[in-house]
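What follows is a single structure, written as structure tokens, with notes after it.
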There are 2 protein chains.
Amino acid sequence: MSQANNRLEKRDQLISTAFSLFYRYGIHAVGINQVIDAAGVAKRTLYHHFDSKEALIAATLAYRDQQFRIWLEARIEQVPPGGGALLAVFDALDDWFNERDEAIMPFHGCFFINTCAEYTDPQNVHHQQCQTHKRLVHEMLLRHAYQVNAERADALSQELVFLKEGAIVQAHVMADPQAALVAKGVAKRLLQSYTT
Amino acid sequence: MSQANNRLEKRDQLISTAFSLFYRYGIHAVGINQVIDAAGVAKRTLYHHFDSKEALIAATLAYRDQQFRIWLEARIEQVPPGGGALLAVFDALDDWFNERDEAIMPFHGCFFINTCAEYTDPQNVHHQQCQTHKRLVHEMLLRHAYQVNAERADALSQELVFLKEGAIVQAHVMADPQAALVAKGVAKRLLQSYTT
DNA sequence: CTGAATGTATACCGATCTGTCTACTTGCTT
DNA sequence: AAGCAAGTAGACAGATCGGTATACATTCAG
């Protein structure tokens, strides 16, 4: 194992450890010492890679953004394009909520919604990073909505986003394992009404 | 001003001050000292009324639960029963999001969703208190859904809840002032399909 | 060979955290 | 009149916070 590999490994180790802790316990509730202990890394090493806790938070959000979008994109592309792809989103959510897909386990709600709950001001740096993530996911749905109804793709995708967010909140807050399927039921009817 | 009044006033003052701070900055981010400074109360007084910060949090959640449900109930009862009452929910949300109703200002997302984001474990005491609140609001919608379609009231109310939660998240995370109206549009179509 | 980069461990800094304590005041109730 | 409940201000305790400093080890590149 080369030094260059070690460099990256430590950095990534810190980010993925920080993510797991932030995601489970919340950002404010997790201290820097807890992160370095769990990562098995010296404090100096953390502050070598990141200027501050704020910088670590930003890196953690970027890490999850990548992980989540790559995962969802892959799940959608497993089915033929069109309405089916949009419904596949809810099947993906179902597996996420019920922790049936190792690639995205465990489930503690949406990390970005949770982060906005800790930084409620929309002007806050972290809040805005969450907005960017949500916007990118929305655009992903929009691309597939075009295949269903190009003229009304904006409206369709936006309405599906509402159902998606509602399902995530319901699954987490109410610990409802069927949330994704309920949302999928509504999405189906919605899709029908958009498929002229 | 009698002493007996003063007693209750101090307690309520602490709760409403704590709520404002917790709601705006998050629970973990707000310290006990910050609460007593803002409330203009001695630390001893806080610990006279509450055993711990945990107890203050519980009281804060109960306070908001009451405030919110009384507010929403009042908003719904301003219109004749039936489908209109269910749509009135989204008009109420619209005023909440855009801070047009003094009774429920300001808007920093849903305090209960935010709290669940800080206490992600559904077994956590505070998380469960949030579940209870959401269940009570759901039952409120259910009662009105009965007027629309008694046989399928469960399904209808559940789907409206999803739209409601989705709208709250969208309004907060994306700072989208129109979220409630988008959700209302979907709710309208949903209601039509349930009004045989 | 040497120096820069990256890593280790650990002590330390000042600030803040929740919660307790002392000492005193006020005012209602019995 | 006496006692109790509720209030004040503020010191204090012990832990933890984010972040820095010191001293040293390893490894790769010029």
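Lettering of chains follows the sequences in order, A, B, ..., and the numbering in each one begins at 1.
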So for atom OH, which belongs to Tyr25(A), do other residues, nucleotides or ligands contribute more than 12 heavy atoms lying within a distance under 6.0 Å?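 It does not: Tyr25(A) OH has 12 such atoms or fewer within range.
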Residues two or more places apart in sequence or in another chain: which of them pass side-chain hydrogen bond (donor to acceptor under 3.5 Å, both in side chains) with [X]?
X         : answer
His133(B) : Asp65(B)
Asn149(A) : none
Glu54(B)  : His126(B)
Ser157(B) : His138(B)

Output a table of nitrogen or oxygen pairs between the protein and nucleotides 20-25 of chain D separated by less than 3.5 Å.
unit_1	atom_1	unit_2	atom_2	d
dT22(D)	O4	Arg44(A)	NH1	3.0

Enumerate the side chain to side chain donor-acceptor pair (under 3.5 Å) contacts for residues 110-122 of chain B, please, sequence neighbours excluded, ordered by first and then second residue.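 As it turns out, the side chain to side chain donor-acceptor pair (under 3.5 Å) pairs with a partner in residues 110-122 of chain B, which skip direct neighbours, are His28(B)-Glu118(B).
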Assess the pair Phe22(B) and Phe111(B): is the distance between their ring centroids shorter than 6.0 Å? no
If a pair satisfies salt bridge (charged side-chain N to carboxylate O under 4.0 Å, His left out) and one of its residues is in [range], list it, with sequence neighbours excluded.
range                       : result
residues 30-50 of chain A   : none
residues 147-163 of chain A : Glu159(A)-Arg189(B)
residues 122-139 of chain A : Lys134(A)-Glu165(A)
residues 88-117 of chain B  : Arg75(B)-Asp95(B), Arg75(B)-Asp101(B), Asp91(B)-Lys184(B), Asp94(B)-Arg100(B), Asp95(B)-Arg100(B)

Nearest-Å distance for atom pair [atom1]/[atom2], residues [X] and [N]:
X        : N       : atom1 : atom2 : result
Phe50(B) : dA6(D)  : CZ    : P     : 13 Å
Leu56(B) : dC17(C) : CG    : P     : 14 Å
His48(B) : dA9(D)  : NE2   : P     : 16 Å
Ile57(A) : dG18(D) : CD1   : C1'   : 11 Å
Leu46(A) : dG19(D) : CG    : C1'   : 10 Å

So for the helix from dC1(C)-dG30(D) to dT30(C)-dA1(D), with five pairs setting each end axis, what is the inter-axis angle to 10°?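 Computed from the C1' atoms at both ends, the axes differ by 0°.
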Output the residues of residues 22-42 of chain B in contact with DNA chain D, where contact means a heavy atom of the residue under 4.0 Å from an atom of the strand; sort by number or write none.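 Here the set is Gly40(B), Val41(B), Ala42(B).
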Does a side-chain N or O of Thr45(B) approach OP1 or OP2 of dT8(D) to a distance below 4.0 Å, or not?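 Looking at the OP1 and OP2 atoms of dT8(D), one of them is under 4.0 Å from a side-chain N or O of Thr45(B).
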